[in-house]
Each structure stands twice: as structure tokens, then as C-alpha cells.
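So the structure is just underneath, and the comments pick up after that.
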Amino acid sequence: MSSDPDSGDSFSSATKGGMTVEECENMIQGSLRIPTVKFLREHLEKSGCSIAPNFIKAVNCNQRMSGGYVRGEGIVVCSNHLTIQDEVNQVVIHELIHAYDDCRAANLDWTNCAHHACSEIRAGHLSGDCHYKRELLRGFVKIRGHEQDCVRRRVMKSLANNPYCSKAAAKDAMEAVWDTCYNDTKPFDRAP
């Protein structure tokens, strides 16, 4: 979940590194061909949420973030903070899980810390964000329990950007919904 792109707080037209918007748009097209993205898009459609051709778009972001999902607008991928196809794929998958959650939960309130935490737990767990190899590349080395630690760390990082969630409220919300949300693998049969 991210800020409103029209607010000017998170998005700009200036490139600050990473790749160009055009390069990122080409990589998004590549992402649309991978099985997990196809699967998630199919399930969004099956859940009654149509996806416009510009649902996933590349932008330059002012905030240090990889991308975000904005209700009613779609997914933004921050081209200036990404450099390779795999990073774009991960952002698209992660944000599609948020879009799926938003679609299937009629009362999802992104200002509610528990709702936001639940979707972040699911996105972190189901997207592959916390795969062991990714964690090693980030400099986090732990043999046991790395995936859950990673998901928790990334949930807290995301909730820190939610103005409605203090650090204490974010941690309490994450702990309160952890078991239910971590074990909710829909639309997958199990965590990929």
C-alpha cells in the first residue's frame, strides 16, 4: 500500500537512479507473462475485479519504496528504485496480492492497522519477498525462521509508512492477526 500518486508526496517525473520509466514498462510487460502473475490476475478477474490495461504502471517515486497499490488506481512500480527484471516481478506479485485482498474483502480499510498488517503479512509470505536467497542478498543470514522474521520486519517497515499506525499499534496489530493472515494462502492452495 502506498500514498496517493496525485498527492505529489510519493511520485515524481524525475529519475533518480534505477531504470527509466520506459525500461520499467517493458519489464512490467515481461512480468505479465510469468505464471504467478497470470494466476493472480486470473483470480482478481474471477473475484469480480476487472483489470484495466494500465492497472500496473511504472513511475518515478520520491519515497524510498519499490512500488505500491492504490485502491481505485492500481499498482505503481517505482522504476527509479529498481534495476532488474526479478525486482520488478517481485513488486508486481506483492502488489497484486494487495489488489486481490482489496478485491475479496468488501470492508478492507487501509487506515486500519490490523487490515493493513494482514495484507502485508500475506503479501510478504505469498510473494516470495522473503525467500532465503533474497534475504541473503539483503545481508540477513539466519538458518531457521528466516522467512517469518523477514515477513515481520517487512510488515513493520510498511506499516511505518501508514500515518494511522504508531509503531506500537503496528506491532500489536501484526501480532493480533499473524496466525490467521500468515496461514491464509488464498488464492493459492498453499504458500508458493
Check: [Y] and [X] side chains under 4.5 Å, non-hydrogen atoms:
X: Asn89; Y: Val37; answer: no
X: His43; Y: Leu40; answer: no
X: Arg71; Y: Leu108; answer: yes
X: Leu82; Y: Met27; answer: no
X: Ile93; Y: Ile34; answer: yes
X: Leu96; Y: Phe55; answer: yes

*If you link ILVMFWY side chains whenever their heavy atoms are less than 4.5 Å apart, which other residues fall into the same cluster as Ile121? By chain and number, please.*
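Its cluster partners, ordered by chain and number, are Val151, Val155, Met156, Leu159, Met174, Val177, Trp178, Tyr182.
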Considering residues at least two apart in sequence or located in another chain, which fulfil the salt bridge (Lys or Arg N to Asp or Glu O under 4.0 Å) criterion with [X]?
X: Glu175; answer: Arg152, Lys171
X: Lys57; answer: none
X: Asp172; answer: none
X: Arg41; answer: none

What residues form a side-chain contact (heavy atoms from CB on, under 4.5 Å) with [X], not counting sequence neighbours?
X: Asn183; value: Asp179
X: Thr83; value: Glu87
X: Ser119; value: His98, Asp101, Trp110

*Tell me the disulfide (SG to SG under 2.5 Å) pairs involving residues 21-57, sequence neighbours left out?*
Cys49-Cys103
*Only pairs at least two apart or in different chains count here, so list each disulfide (SG to SG under 2.5 Å) that has a residue in residues 155-192.*
Cys113-Cys165, Cys118-Cys181
_Minimum heavy-atom separation for Ile56 and Val77, please, with both atom names._
CG2-CG2, 4.0 Å
*Shortest non-hydrogen contact from Val92 to Ile75?*
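Distance-wise, the nearest heavy atoms are O-CD1, 4.4 Å.
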*Is the side chain of Gln90 donor-acceptor paired with the backbone N or O of Ser127 at a distance under 3.5 Å, no angle test?*
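Yes; judged by distance alone, with no hydrogens or angles, the pair exists.
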*Could you walk me through whether Asn60 and Ser79 pass the side-chain hydrogen bond (donor to acceptor under 3.5 Å, both in side chains) test, one step at a time?*
CA-CA 6 Å; Asn60 286 311; Ser79 59; 3.1 Å; yes
Validation: residues 184-192 side-chain donor-acceptor distances under 3.5 Å, sequence neighbours left out:
unit_1	atom_1	unit_2	atom_2	d
Asp184	OD1	Arg122	NH1	3.4
Asp184	OD1	Lys186	N	3.1
Asp184	OD2	Arg104	NH1	3.4
Asp184	OD2	Arg104	NH2	2.4
Thr185	OG1	Phe188	O	3.1
Thr185	OG1	Asp189	O	3.4

*What pairs of residues pass the salt bridge (charged side-chain N to carboxylate O under 4.0 Å, His left out) test when at least one of them lies in residues 22-40, not counting sequence neighbours?*
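Found none.
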